[in-house]
Amino acid sequence: MPERPDLTGPLLAWFDAHARDLPWRAADRTGWGVLVSEVMLQQTPVARVLPVWQEWMRRWPRPSDLAAAGPGEAVRAWGRLGYPRRALRLVAAAEVIRDEHGDEVPADAETLRALPGIGEYTAAAVAAFAFGRREVVVDTNVRRVEARAVSGPALPAPSYSAAERRLATELLPADRERSVRWNAATMELGALVCTARAPRCGECPLQDRCAWVAAGSPPHDGPPRRGQRWEGTDRQARGRIVQALRETDGTLTREQALAASGAPEPQAERCLLGLLTDGLVEQDEAGGFTLPQ
DNA sequence: CACCCGTGGCC
DNA sequence: TGGCCAAGGGT
């Protein structure tokens with residue numbers, strides 16, 4: 001096993017000086033606040049999450065508060081964060097936490113992992129950042145930082161591999177408190193400095209020991225990363241229907257809902273049915289369409 | 001494993 | 001201008 005340059009020292013020092021002052025990192029943070037932040041941050045930038053998270057914490061400071069509010073209010077308060085099924089899953093997770101965990105967010109990753117909407121990353125992140133556990137936390141930032149600093153490519157492979165998991169495990173400091181800071185620091189470096197496009201290598205604490213920089217910062221040479229098309233997709237049509245329901249106090253007729261989708265038949269109908277299946281939309285006794293009750 | 005699921009900002 | 005990207009998860 002070849003010796004690797006020490007990344008921990010410079011990374012933790014950089015984090016001490018540059019960490020953002022985010023509310024879910026505050027000293028008075030709660031497990032619930034951290035869990036909600038992690039779910040909101042899935043595929044969604046910090047700047048967009050901040051105001052919605054503040055509002056959620058004000059209205060629903062405990063899991064039981066959200067569970068009592070119900071999925072419709074959650075989807076409405078989700079606003080335009082995207083992927084509103086996350087709001088549904090947070091309500092479902094809140095119900096489990098209230099009913100099976102005494103309204104307290106579990107502290108261990110395995111129990112967290114069993115909650116709706118909590119996958120490997122989020123379970124590890126909540127256990128580490130809310131409860132100080134030593135966990136291997138690997139998100140897109142960690143993958144990119146470790147790929148560049150240790151392995152050398154401009155960008156990691158499209159899918160998370162066992163080798164990456166192994167590397168992340170090896171790099172994680174043995175000391176529990178340092179491991180928590182390491183996880184946060186690596187994510188922060190990826191978010192602020194070691195970004196996907198136009199990384200600020202001049203500001204990077206790992207600059208003098210980065211494998212990618214040592215190789216001359218070669219451009220990404222792997223297969224082109226397939227972009228997500230948008231115009232005309234079901235996701236666009238579904239998003240328009242849910243947004244129309246969010247903006248309405250009452251219900252939408254079938255005709256109104258289909259029109260809101262902006263999609264032609266049979267796509268519009270398919271999307272409306274899909275939303276019903278997913279529980280993002282319900283039909284009342286009169287046949288009108290609403291957010292879930 | 002491949003694909004689906006929203007949204008908006010940026011280079 | 002538009003492809004690319006953002007603290008992923010579920011199926």
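Reckoned from all heavy atoms, side chains included, excluding hydrogens, waters and symmetry mates. In the text below, chain A, chain B and the rest are named by the order of the sequence lines, each starting its count at 1.
- Relative to the side chain of Ala196(A), the nucleotides dA7(C), dC5(C), dG6(B) differ in distance, and dC5(C) lies closest.
- Among residue pairs with one or both ends in residues 177-197 of chain A, those qualifying as salt bridge (Lys or Arg N to Asp or Glu O under 4.0 Å) are Asp16(A)-Arg181(A), Arg20(A)-Glu188(A), Arg25(A)-Glu188(A); sequence neighbours excluded.
- Between the side chain of Thr140(A) and the base of dG8(C), no donor-acceptor pair of N or O atoms lies under 3.5 Å.
- Side-chain contact between Val105(A) and His101(A): absent, with no pair of heavy atoms (C-beta onward) separated by less than 4.5 Å.
- Between dG9(C) and dG8(B), the distance separating the two P atoms is 23 Å to the nearest Å.
- Map Ala191(A) and Pro116(A) each onto its nearest nucleotide of DNA chain C; the residue landing nearer the 5' end is Ala191(A).
- Comparing dA7(C) with dC4(B), their P atoms sit 23 Å apart, to the nearest whole Å.
- Dashed line: the shortest gap from a side-chain N or O of Arg144(A) to OP1 or OP2 of dA6(C) is under 4.0 Å.
- Comparing dG9(C), dA7(C), dG10(C) by their nearest atom to the side chain of Val46(A) picks out dA7(C).
- Taking side-chain N and O atoms only, Arg80(A) has a distance below 4.0 Å to OP1 or OP2 of dG8(B).
- Counting distance only, with no hydrogens placed and no angle test, the side-chain atoms of Arg197(A) and the base atoms of dC5(C) include no donor-acceptor pair under 3.5 Å.
- Look at Arg76(A) and Glu73(A) and you find a salt bridge, because one of the NZ, NE, NH1 or NH2 atoms lies within 4.0 Å of a carboxylate O, short of that distance.
- Between Gln43(A) and dG8(C) there is a side-chain polar atom (N or O) within less than 4.0 angstrom of OP1 or OP2.
- Under the rule for a ring pair (Phe, Tyr, Trp, His ring centres under 6.0 Å), Trp212(A) has no partner lying at least two apart in sequence or in another chain.
- You'll find a donor-acceptor pair under 3.5 Å spanning the side chain of Arg48(A) and the base of dT7(B), going by distance alone.
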